[in-house]
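In what follows, a structure is listed as structure tokens, so that the remarks can point back to it.
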Amino acid sequence: MAKVKKISGKTVFGLDIGTRSIVGTVGYKKGDEFYCLAQRIKEHETRSMLDGQIHDIGQVGETITEVKEELEKAVGMELTEVCIAAAGRVLRTATVHSALEFAESREVTIEDIYNLRSMAIEKAYEEFTSEEDAALSFYCVGNSVIRYYMNNYPIGNPEGHKASSIGADLIATFLPEDVIDGLYKAVELAGLRVASLTLEPIAAIQVAIPKNYRMLNLALVDVGAGTSDICITDDGSIVAYGMIPLAGDSLTEVIAKQCLVDFAGAEAIKKQLGEKEEVEYEDIIGLPQTMKSAELLEILDPYINRLAEEAAEKILELNGGKPVSAVFVVGGGGKIPGYTDKLAEKIGIVSQRSALRGKEVMGNIIFSEDVEKDSTLVTPLGICLNYYEQNNNFIVVTFNEKRIKLYDNDKLSVVDAAMQADFSNELLFPRRGKELRFTVNKKARTVKGQLGEAAVIKIGGREANIYAPIHENDVIRVKESTEGAPGSMLISSLPEFRDIISVQVQEKRIDVPKYARVNGTYQLSSYNIQPGDDIEVLDYCTVAQLLEFMDILLPEEKAILVNHKPADRETKVYENYLVSFVEKSELEAAEAEKLRALREAETERHRSVYEKAGVRDAREDDEMTEDAKEDDAEEIEENGMEAAKQRNEKKKEVISIPVTVMVNGAPVVLTGKKEYVFVDIFNVIDFDLSTVRGNLVTTINGETAQYLQPLKEGDALVIRWE
């Protein structure tokens with residue numbers, strides 16, 4: 001027996017409250033060594049625990065009291081505080097990815113990382129909570145960042161780096177309130193106060209897998225009586241937790257039925273299987289019996305196979321479907337012969353990489369009593385060692401008049417209390433107002449809202465922030481953050497609106513600001529854009545807008561020319577267009593003279609052709625329609641005069657009455673009919689109807705035109721795309 005050194009560190013009392021028994025351990029840590037002063041084991045007299053969960057708080061409390069009293073006698077001191085662990089049966093875990101985007105690239109602060117982690121924990125809670133759990137309260141008992149990201153690339157720690165976004169993969173673990181309360185009440189019945197609470201797989205890993213091994217992709221399986229708890233390590237972190245509700249008791253029950261013994265007798269037989277070739281026992285009749293271990297193991301083989309298969313399936317599931325590098329097995333249930341080999345086979349690794357962890361991982365454990373160093377001691381010792389890693393318990397604080405219990409990991413802050421009190425995370429941080437969404441020239445545009453004010457936080461009447469630490473009995477009051485003003489913008493602030501249209505008016509170059517239509521209506525530059533607005537910034541202005549901008553009041557006797565063509569106030573003026581003004585009388589005289597000259601020239605051409613052909617005299621020629629004249633001229637030129645004479649003899653003479661109308665400010669002559677309707681105008685003007693370029697606007701004298709509406713001399717027509 002090793003000689004125990006003098007106590008020089010804080011003494012720790014740890015309890016492993018298992019399904020079959022309670023193991024108490026007292027010791028202290030000095031340097032890298034842990035000195036185990038005493039250890040006591042007491043089995044439950046009844047099935048007061050099932051599958052790792054307390055069913056009879058009073059009975060468990062009595063058993064804890066017995067273990068405590070025996071240890072107090074052994075170490076000669078009163079034990080008032082205890083470290084405990086919760087089984088994986090009630091553990092809820094969620095692995096999530098959370099990201100935080102910044103408005104612009106900047107240095108990442110510790111507050112940004114706190115915000116990122118709290119967002120991830122809240123996301124994890126929402127992910128695992130289901131309808132049947134809606135009435136239950138859960139406590140986050142631990143969280144671990146598996147990996148950080150900066151600008152979508154992995155990084156060890158983004159703090160201090162300049163980034164436009166950060167992210168994190170995080171695993172969070174939760175326990176239901178009733179489970180925690182059950183454990184607390186049981187130890188309180190024994191006159192103890194909880195010094196720290198951890199999870200059984202976390203405790204076991206303290207001993208079984210040292211930190212320098214956690215860079216490897218390993219699995220730890222703690223095979224107890226009612227549950228097999230599992231955790232996975234990789235890249236220096238615990239990356240997943242899991243559990244299967246199947247362990248050593250399932251094998252004990254088979255032995256009890258096969259050997260006709262009670263549960264305790266079956267446990268005794270199971271412990272002999274790996275030690276003796278034959279097991280000896282007394283059945284319930286009282287008769288002594290013997291049975292070869294090999295025969296009993298053959299009977300147990302399918303049940304051991306199932307136990308290994310389910311554990312392997314859970315390991316593969318937690319590890320993303322791929323085998324781990326090695327498996328470490330602890331706990332009494334894992335000592336059954338053949339289990340580790342079957343586990344390796346089911347996972348798909350060589351049998352040498354699946355092994356029990358016991359004496360070989362206890363090099364730094366010094367015992368003051370003679371004990372057998374095996375896998376059953378790993379979790380009890382780990383519970384004690386975890387105390388030094390994480391000195392924690394639950395504290396009670398008041399948050400906005402509500403009393404809440406928090407799992408204390410020595411890093412609790414206001415944000416943790418807010419989450420436990422169901423105070424929305426977004427109500428702590430300044431909230432941005434609603435985005436303003438609209439379109440400019442059919443392209444989507446977004447203007448972000450303004451940031452509001454942060455939450456007003458006080459702890460005990462003193463101002464604080466969301467990252468301020470909190471302690472037992474703190475009174476926290478939080479006035480929720482405000483939402484900033486919604487996004488807003490004037491039309492004049494649009495980049496497209498800041499451009500100009502440069503045109504020449506008479507002899508002067510004028511820069512005209514662009515105009516905009518909102519939902520089809522012209523708006524001033526001071527117009528405040530509304531959500532859903534359809535904005536069209538025009539690349540032209542009308543003559544009327546140009547006159548208004550230049551502050552010109554055009555007299556009635558003045559006519560408008562755009563690029564030397566007659567126009568009106570609705571005529572569009574584009575970049576580099578020429579706009580001029582002349583007397584209407586001059587324009588009318590010029591247009592009349594131009595029209596007369598065109599008619600005379602055309603008439604003379606036709607008369608010359610017909611006179612040469614001798615087709616008809618001048619009087620007959622005047623009575624012909626313009627179309628007929630054109631047809632005859634072409635016929636003469638192409639087929640000769642005789643052909644033209646023959647065709648004309650078969651035609652009936654048509655009396656033609658020319659009509660002159662104004663189309664978009666320019667005169668147009670209609671010929672070839674006695675009467676004309678609106679659609680006839682498309683036979684003589686160059687206007688492409690084959691491709692739709694917007695809404696077709698057609699008016700006669702300012703009124704909407706009907707396609708078969710009669711036309712008369714001097715009618716003013718407007719035909720344009722809009």
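These values consider heavy atoms only, across backbone and side chains, with no hydrogens, waters or symmetry-generated copies.
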(request) Kindly state whether the ring of Phe34 and the ring of Tyr28 have centres lying under 6.0 angstrom apart. (result) no
(message) I need the minimum non-hydrogen distance between Leu318 and Tyr241, along with the two atoms involved.
(response) CD2-O, 3.3 Å
(request) Using modelled atom types only, decide if a donor and an acceptor are shared between the side chain of Lys68 and the backbone of Ala190 within a distance under 3.5 Å. (result) yes
(request) Using the salt bridge (charged side-chain N to carboxylate O under 4.0 Å, His left out) rule, pick out the option among Glu62, Glu66, Glu69 that qualifies with Lys42. (result) Glu66
(message) Given 3.5 Å as the limit, does a donor-acceptor pair link the side chain of Ser413 with the main chain of Tyr467, or not?
(response) no
(message) Just to verify, which of Asp229, Asp222, Asp16 counts as forming a side chain to side chain donor-acceptor pair (under 3.5 Å) with Thr379?
(response) Asp222
(request) Answer yes when Lys314 and Glu317 have at least one side-chain N-carboxylate O distance shorter than 4.0 Å, and no when they do not. (result) yes
(request) Kindly give the heavy-atom pair with the smallest separation between Asp262 and Ile284, and that separation in Å. (result) N-CG2, 4.2 Å
(request) Give a yes or no on whether Arg40 atom CZ has more than 12 heavy-atom contacts from other residues, nucleotides or ligands under 6.0 Å away. (result) yes
(message) Is it the case that the side chain of Thr65 and the backbone of Gly61 share a donor-acceptor pair, with hydrogens and angles ignored and the cut-off at 3.5 Å?
(response) yes
(request) For Glu310 and Arg306, run salt bridge (charged side-chain N to carboxylate O under 4.0 Å, His left out): C-alpha distance rounded to whole Å, both residues' side-chain angles, the deciding distance at 0.1 Å, then the answer. (result) CA-CA 6 Å; Glu310 292 202 15; Arg306 180 186 169 213; 3.2 Å; yes
(message) As an exercise, state the distance from OG1 of Thr25 to CD of Gln39, rounded to the nearest 0.5 Å.
(response) 3.5 Å
(request) Assess whether atom OH of Tyr213 is packed by more than 12 heavy atoms of other residues, nucleotides or ligands within 6.0 Å. (result) no
(request) Heavy atoms only: give me the nearest Ala311-Tyr339 pair and the separation to one decimal. (result) CB-OH, 3.7 Å
(request) Give a yes or no on whether the backbone of Leu427 and the side-chain of Ser481 come within a donor-acceptor separation of less than 3.5 Å. (result) yes
(request) Using atom types as modelled and distance alone, determine if a side-chain donor or acceptor of Asn217 lies under 3.5 Å from a backbone N or O of Thr233. (result) yes
(message) Just verifying a value: how many Å separate Met419 CE and Ser424 OG, rounded to the nearest 0.5 Å?
(response) 12.0 Å
